[in-house]
Amino acid sequence: MKALNFIFALNNMEYKQVIVVRSDLRMSRGKLAAQVAHASLEAYKRASLRAISEWELQGAKKVVVKAKNLRELLALKRKCERLKLPCALIRDAGKTELRKGTVTCLAIGPAESERIDKVTGSLPLLR
């Protein structure tokens with residue numbers, strides 16, 4: 001473990017993944033957990049191999065934050081695209097609580113924390 005810490009100190013680049021959930025939908029805890037899992041996996045598939053490797057070596061840090069509504073979530077997605085960050089917008093299948101096609105969340109990364117913070121740094125944590 002000390003060797004890994006030394007490697008991180010040399011690299012000095014932290015990686016993470018952030019999942020942004022719409023707070024206006026009022027999903028149940030189980031539904032919310034499933035949507036976050038879908039988002040995390042989809043964004044992971046779109047990340048570079050280097051980012052995935054670094055992120056996994058550092059413990060695969062994930063942070064879940066909230067957006068007020070669909071408009072805010074879509075604005076965040078546009079920022080991700082401008083910054084060329086891997087991201088995934090999740091639409092519900094409509095089999096349980098939500099109508100088919102409802103956008104529930106956005107996952108960003110894994111990527112460099114500094115780059116993701118430019119998009120999500122001001123958002124509140126989901127509690």
Side-chain angles (χ1 to χ4, degrees):
M1 192 62 168
K2 287 182 182 181
L4 282 178
N5 289 338
F6 179 71
I7 291 169
F8 296 146
L10 286 177
N11 184 350
N12 203 25
M13 187 81 65
E14 184 181 321
Y15 286 74
K16 69 180 174 183
Q17 184 179 63
V18 174
I19 300 94
V20 186
V21 178
R22 281 180 59 187
S23 61
D24 62 325
L25 293 177
R26 304 201 189 281
M27 293 177 274
S28 69
R29 288 181 186 163
K31 182 66 169 180
L32 190 140
Q35 296 301 297
V36 167
H38 288 314
S40 177
L41 185 57
E42 277 305 309
Y44 175 90
K45 292 176 186 177
R46 298 172 187 188
S48 71
L49 290 176
R50 178 165 189 244
I52 289 170
S53 296
E54 292 286 340
W55 180 65
E56 288 177 342
L57 280 172
Q58 294 177 20
K61 179 180 180 179
K62 293 168 211 70
V63 180
V64 182
V65 297
K66 59 184 177 178
K68 293 174 192 154
N69 51 39
L70 178 60
R71 173 178 272 153
E72 184 176 19
L73 199 68
L74 294 176
L76 295 169
K77 183 177 186 296
R78 286 190 296 275
K79 282 186 184 179
C80 289
E81 290 167 346
R82 280 196 304 273
L83 295 171
K84 297 186 180 352
L85 285 165
C87 65
L89 191 68
I90 301 304
R91 295 177 188 275
D92 191 63
K95 297 183 190 250
T96 55
E97 298 176 18
L98 302 171
R99 279 184 284 167
K100 183 177 181 177
T102 301
V103 175
T104 58
C105 53
L106 171 73
I108 307 163
E112 298 91 343
S113 295
E114 224 173 73
R115 291 179 61 218
I116 294 176
D117 287 345
K118 291 177 182 177
V119 178
T120 64
S122 64
L123 297 176
L125 291 173
L126 181 69
R127 298 190 181 272

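Treat the numbers as computed from the prediction; the structure is a model and nothing was measured.
Distance check, rounded to the nearest 0.5 Å: NZ of Lys16 to CD1 of Ile108 gives 9.5 Å. From Glu14, atom CD reaches atom CD1 of Ile116 across 9.5 Å, with rounding to the nearest 0.5 Å. Here OG1 of Thr102 is found 13.0 Å from CD1 of Ile90. Values are rounded to the nearest 0.5 Å. For the atom pair CD of Glu42 and SG of Cys105, the computed distance is 10.5 Å after rounding to the nearest 0.5 Å. How far CD of Glu97 is from CD of Gln35: 9.0 Å, rounded to the nearest 0.5 Å.
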Salt bridge (charged side-chain N to carboxylate O under 4.0 Å, His left out) between Glu81 and Arg78, intermediate numbers included
CA-CA 5 Å; Glu81 290 167 346; Arg78 286 190 296 275; over 6 Å; no
Stepwise side chain to side chain contact (heavy atoms under 4.5 Å, CB included) test for Met27 and Asp92
CA-CA 11 Å; Met27 293 177 274; Asp92 191 63; over 6 Å; no
Kindly determine whether Thr104 and His38 satisfy side chain to side chain contact (heavy atoms under 4.5 Å, CB included), including the steps that lead there.
CA-CA 10 Å; Thr104 58; His38 288 314; over 6 Å; no
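Judged by distance alone, with hydrogens and angles left aside, the side-chain atoms of Trp55 form a donor-acceptor pair with the main-chain N or O of Lys61 at under 3.5 Å. In terms of modelled atom types and a separation under 3.5 Å, the side chain of Gln17 and the main chain of Ser40 share a donor-acceptor contact.
Side-chain contact between Leu123 and Val18 is absent, with no heavy atoms from C-beta onward closer than 4.5 Å.
Following chains of ILVMFWY side-chain contacts shorter than 4.5 Å, one cannot reach Val103 starting from Leu98, and the two form parts of different hydrophobic clusters. By the rule that hydrophobic residues join a cluster once side-chain heavy atoms approach within less than 4.5 Å of another member, Tyr15 and Leu83 end up as members of separate clusters. The hydrophobic cluster containing Leu32 also contains Leu25, counting ILVMFWY residues as joined when their side-chain heavy atoms lie under 4.5 angstrom apart, directly or transitively. One hydrophobic cluster, built from ILVMFWY side chains closer than 4.5 Å, cannot hold both Val36 and Leu106; they sit in different ones.
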Taking only distance into account, with no hydrogens and no angle test, what donor-acceptor pairs under 3.5 Å do side-chain atoms of residues 62-76 form with protein atoms, sequence neighbours excluded?
unit_1	atom_1	unit_2	atom_2	d
Lys62	NZ	Ala60	O	2.9
Asn69	OD1	Arg71	N	3.2
Asn69	OD1	Glu72	N	2.9
Glu72	OE1	Lys68	N	2.5

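Side-chain heavy-atom separations under 4.5 angstrom define the hydrophobic clusters, and Leu49 shares its cluster with no other residue.
Pairing each heavy atom of Ala43 with each of Gly109, the nearest pair is CB-O, 3.2 Å. The two residues Ala88 and Ala39 make their nearest non-hydrogen contact at CB-O, 4.2 Å.
Ion pairing between Glu114 and Lys118 fails under the 4.0 Å rule for side-chain N and carboxylate O.
For Ala34, the side chain to side chain contact (heavy atoms under 4.5 Å, CB included) criterion is met by no residue, not counting sequence neighbours.
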